[in-house]
2 protein chains.
Amino acid sequence: MSDVVSTQVQLAERPTGWPTEDTFRTVEVTYGDLAPGQVRVVNEFVSVDPYMRGRMNDVKSYVPPFALGETMTGGAVGRVVESASDDVPVGAAVLHQHGWRDVAQEDARGFQVVPEIPGAPLSLYLGIFGLTGLTAYVGLTAVADLHEGDTVFVSGAAGAVGTATGQIARLLGAGRVVGSAGSAEKVALLTDRYGYDAAFNYKDAPVRRQLREVTPDGVDVFFDNVGGDHLEAALDRMNTGGRIALCGAISQYNDTERTPGPDNLANAVTRGLMLKGFTLPSYMDHAERFRELMTGWFAAGEIAYDETVVDGIENTPQAFLDMMRGGNVGKMVVRTGA
Amino acid sequence: MSDVVSTQVQLAERPTGWPTEDTFRTVEVTYGDLAPGQVRVVNEFVSVDPYMRGRMNDVKSYVPPFALGETMTGGAVGRVVESASDDVPVGAAVLHQHGWRDVAQEDARGFQVVPEIPGAPLSLYLGIFGLTGLTAYVGLTAVADLHEGDTVFVSGAAGAVGTATGQIARLLGAGRVVGSAGSAEKVALLTDRYGYDAAFNYKDAPVRRQLREVTPDGVDVFFDNVGGDHLEAALDRMNTGGRIALCGAISQYNDTERTPGPDNLANAVTRGLMLKGFTLPSYMDHAERFRELMTGWFAAGEIAYDETVVDGIENTPQAFLDMMRGGNVGKMVVRTGA
């Protein structure tokens, strides 16, 4: 055993609007010998996710806010380098929530041993094999009750959840899958690589008009990662009995003023629409079934994925901001380099 | 048999914003001898309902728009005075959709024979025994999945649907029922007569503040007849897993501009809320069960009701406008005087 220095990113102050360089600070923490039951994990990848912006506010939500002056928590994957626990041996790959640090040393019960994924990096446990993929699956099935043949619209379709959602919708029998993204390159990826039947760049023209053009038969399921004009456009295109999974509203997370909602919510009455918000903690009972399905799909070569990888734990805040601004294709992760 | 003159109110032009005296015209139609299969019905009461405003627009919706230059359709109850049908005999009380006229003469298949309600007028078939009561029942059960002990908030609680909703919620086991209305008199009726635990006048102070005061433990089910600031206030008070039945948005039916939606729809994500719009045509399979329950409750003296009765078929347009402005307590009906 030996001491180790862990580089960690902490929440220094709560941001108003967009986080700045003052929001975070990087510190070094020295870990000594393991206490009984602890393990030491060298992280390979840590995750940056849109939901983290909400946790930076001091507001009661489905998860408590990040603690000020403490290391940012969140998904991370690594390998055990020392262990004082029989359950989590040295060499094991582990998934955990200790977040933005290159080395984690904590009680073994906070680490989940995960199998290697043949031919793929551990970072997929932060993406399509992890909460990202599960979010797509749960939103389509348990929340939006996807039926075979449905037309599905996904906003923010080139993001981590969106790239998973289009593929899973297709594999579950959707009739037509369309998506929006914020650049021509992303739009091309959606149709060329991620199985979308059509896609558009929401910066090119009003979403209302573009969505109408790609959904001649309307929309049955809308998986919303964006909110704002996307939700409004979808409400106009929803078919009777349509279902909307409200997964997020990244367009508004850094707003400092309250943003008016869609001006056509009355369509929900006349068309019998359901809108349902969700977050994963209520749906973890779907995780096992999802992992089975995804393992099968992945082994069969049915799943494409991209990652946007940023190197260096100290660059995690910048990676987070880039992701919030749409600078990623697929899952944004930070390779710790530890 | 003899000819009869029927006074009828027709849609003369489609209104922009609030209907005016030019929107409707009153005409006299002479009916001659019955054709085979027809019946002649003298209406006792005709119904004016908020949903009718939507049908005055030339917009595709769950029911087709009213035809221009034709008699306004809608709920009505009356008695058969002549019959050329074995199924619908002279003297029978009938419920039908031939709307704003004092005498209807049509094919018997358009009339439903209904039993007398002991000690109550036929107009209840336009109110708590009819689609109004069914709307309340379906919204609470099939749409909002009411659970025993839930706190229920009803907007527009002194209206036809609202007075039924509070009582039905209580009878189905709600833990606490609160409502909003637009005058001190209505607020008093809600708590004194309709079983509401608390109520407030939405004109007295912001709904957000008043709702908070009467729901110390938050809201589990919101039955929304109003929209606008009521929906916004409710979204702030909803408990995790809460359900919102979107029944109508009477505050906006006469708007000529699109109205921004609630500024806090993001709460639906973090709290896992469901919002579901509904209209009755999709839920008619609940009608039989509802009629059984309501018959039992009514016979047991568990149901209070008020009607606001306007006399004279020619006053139906004014009754409709008064109802849209909140000039009614309970169900607004027109007594034809025929």
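The sequence lines fix the lettering, A, B, ..., with proteins before strands; numbering per chain opens at 1. Note that the structure is predicted; figures quoted are calculated from it, not measured.
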query: How far does CG of B/N267 sit from CG of A/L246, to the nearest 0.5 angstrom?
result: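 Rounded to the nearest 0.5 Å, the CG-CG separation comes to 11.5 Å.
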task: Flag the pair A/P262 / B/L265 as yes when at least one side-chain heavy-atom distance between them is below 4.5 Å, and no otherwise.
output: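 Touching, per the 4.5 Å side-chain cut-off.
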- prompt: Once you round to the nearest 0.5 Å, how far does CD1 of B/I244 lie from CG of A/L275?
  reply: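 Answer rounded to 0.5 Å: 9.5 Å.
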- prompt: So which of B/D224, B/L231, B/T240, B/D263 has the largest heavy-atom pair count under 4.5 angstrom toward chain A?
  reply: B/D263
field: Options B/A268, B/A245, B/G277, ranked by heavy-atom pairs under 4.5 Å with chain A, top entry
entry: B/G277
field: salt bridge (Lys or Arg N to Asp or Glu O under 4.0 Å) partners of B/D236, counting only residues at least two apart
entry: A/R258, B/R208
task: To the nearest 0.5 angstrom, please state how far the CZ atom of B/R243 sits from the CE atom of A/M274.
output: 13.5 Å
- request: Determine the minimum heavy-atom distance between A/T279 and B/T270, stating which atoms define it.
  value: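 That closest heavy-atom pairing would be CG2-CA, 4.2 Å.
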